[in-house]
> 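Take a look at this one; I'll ask things after.
Quantities reported herein were computed from a predicted structural model and do not represent experimental measurements. Starting from 1, each residue takes its place in the sequence as its number. Whatever order the structure lists ligands and atoms in, that order sets their numbers, starting from 1.
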Amino acid sequence: MNPSTRLTLAGQQTDRCYNSIVPPIYQTANYRFEAPGVTKGYDYSRSGNPTRRALEETLAELEGGHGAVALTSGMAAIATTLSLFDAGAHFICAHDCYGGTERLFLHFQRQGKLRVSFVDLTRPEALRQALRPDTCAVWVETPSNPLLRIIDLDAVAALTREAGVVLIVDNTFLSPLLQQPLSLGADLVVYSTTKYINGHSDVVGGAVIAGAADWNERVQFTANAMGAIAGPFDCWLVLRGLKTLPLRLRQHEANAHAVAHFLAAHPAVRAVYYPGLPSHPGHAVARRQQRGFGGMVSFAVHGGEAAAHEVLRRTRIFAPAESLGGVESLIEHPATMSHASMRPTQRAAAGITDDLLRLSVGVETEEDLLADLRAALERAPVPAAP
Ligand SMILES: *Cc1c(COP(=O)(O)O)cnc(C)c1O
C-alpha cells in the first residue's frame, strides 16, 4: 500500500466497540482487570495505551521498523535512546547536530554517563578516523540543522557495520515519507514529531523507531522504565496531523524550491543552503538517498548580524519563531535563537555564522511567500560591484 493511502487508514481499527472511523482518545491511566492476571491487553497507560499504540503502529509501519514508542518530546526520544547504552559508551555525533542534542550529550558526558566526539560526518574518512574500540554508536542528522548538509547514509552505514557499532538517525527534517534510514542501514530512527509529523505547531512530541526485534524490545523496556511516554490526546493530535503529511510535504517542497531559487538570484543574499539546488554540495547524495528535498531553506545576507536581524523584523508572513515543519512559514536567526545553546566554538566549527537566517517554508501560496521575502530584503545591503 502506498504510504499516502496507509495514512488515511491510520488508527481506524482501534475502536472495536463502536467502529468509529477516528480513533477514540483513551484518556485513562489504568484499566479494569477481568480476573486476576487477565486484562484486555492494557493495565496501566505508561506501559501501553490504545491511542498511543495506534500512533506507534502507524509510525513503525511507515518507517519499515519493527516497533516504535511515542514520547513527550524529541528530546525525550533522544534521552531515552541514549539511555539504551551502558555507562561509558563512546558516541560519535554529527558536528552540526540540533543544539539540544549537543547540550544533552555534553550534560551526560559531564556526569560521566557517556563520552562523545563531534565529527564532520559529511566526510566518511573523518568518521573512520574517529571510530575507537569503545565506540558504541554513531548519531547522524541529515539534512543537518541549519545548514542542511547532507550525510551519505550508505557510506556511514558501511563503516558502522564494519565496526559493529549502532547507527542512529534523527530524521526529523524529512519524515519517513522523504527518507527511510532503516532501509539505508540505520538501527534506530529518532523524531521530534513536533515538526513535520504533527505539522500544526500544536504538540511537542517525539518518537523512537527500532529496525529489529531486539532493539525494539530494549526501546520498549527503556521507554516504560523511564516513563517519558506521550499522553493520549497528544498522540491523537499527532495521528491526525500525520494523515495530511503527504499533501503538506508536497506543498512545503514546491514552495521551498521557489524560495531557494528566488533567494539565489537576489543581490542582497550572500549564500543559499538548500539541498534541492544543483549547486548544493550534497545535492547528488540527497537525490540518491531522499525522496524529496524537504521544506527547510537557510540563507546568509550581506551586512552581518544587523542585516539579518533587519530581515527578521521586516517579514510579515514568515513569523519570527523557532521550531519548524508546521503549515505556517517561520523565519529565525540560528546564532541567537535555535542554536544559542550551542557553544560558540562549536557553532563556529559548524559554520553557523551571524548573518545566517533559517526558513521553515510553509504551505501558503508561493506568490505571497516570495512577495514577503522581496519586501523584507528591499533595504538590505547589496555589495558594490567589483
Ligand atoms: C526540534 C528538534 C529536536 C528536539 O525536539 P523537541 O520536540 O523540541 O524536544 C531534535 N532534533 C531535531 C532535528 C529537531 O529539529
> Would you mind listing the cluster partners of M226? Hydrophobic ones only (ILVMFWY), side-chain contacts under 4.5 Å, chaining allowed.
none

> Between R52 (side chain only) and S45 (backbone N and O only), is there a donor and an acceptor less than 3.5 Å apart?
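Such a contact is found between R52 side chain and S45 backbone.
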
> Once side chain to side chain donor-acceptor pair (under 3.5 Å) is applied, what residue pairs with a partner in residues 178-188 remain, sequence neighbours excluded?
N171-Q179

> Picking from H261, H257, H280, H283, what satisfies ring-ring contact (aromatic ring centres under 6.0 Å, His included) with Y274?
H257

> Examine distances only and state if a side-chain atom of S73 and a backbone atom of A76 form a donor-acceptor pair shorter than 3.5 Å.
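Between the backbone of A76 and the side chain of S73 there is a qualifying donor-acceptor contact (under 3.5 Å).
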
> Hey, what else clusters with V327 if you join Ile, Leu, Val, Met, Phe, Trp, Tyr whenever side-chain heavy atoms sit under 4.5 Å?
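Besides V327, the cluster holds V363.
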
> Tabulate distances under 3.5 Å between N/O atoms of ligand 1 and N/O atoms of the protein, writing both atom names on each line.
unit_1   : atom_1 : unit_2 : atom_2 : d
ligand 1 : 5 (O)  : S192   : OG     : 3.1
ligand 1 : 7 (O)  : G74    : N      : 2.9
ligand 1 : 7 (O)  : S192   : OG     : 2.8
ligand 1 : 7 (O)  : T194   : OG1    : 2.7
ligand 1 : 9 (O)  : G74    : N      : 3.0
ligand 1 : 9 (O)  : M75    : N      : 2.9
ligand 1 : 11 (N) : D170   : OD2    : 2.7
ligand 1 : 15 (O) : K195   : NZ     : 2.7

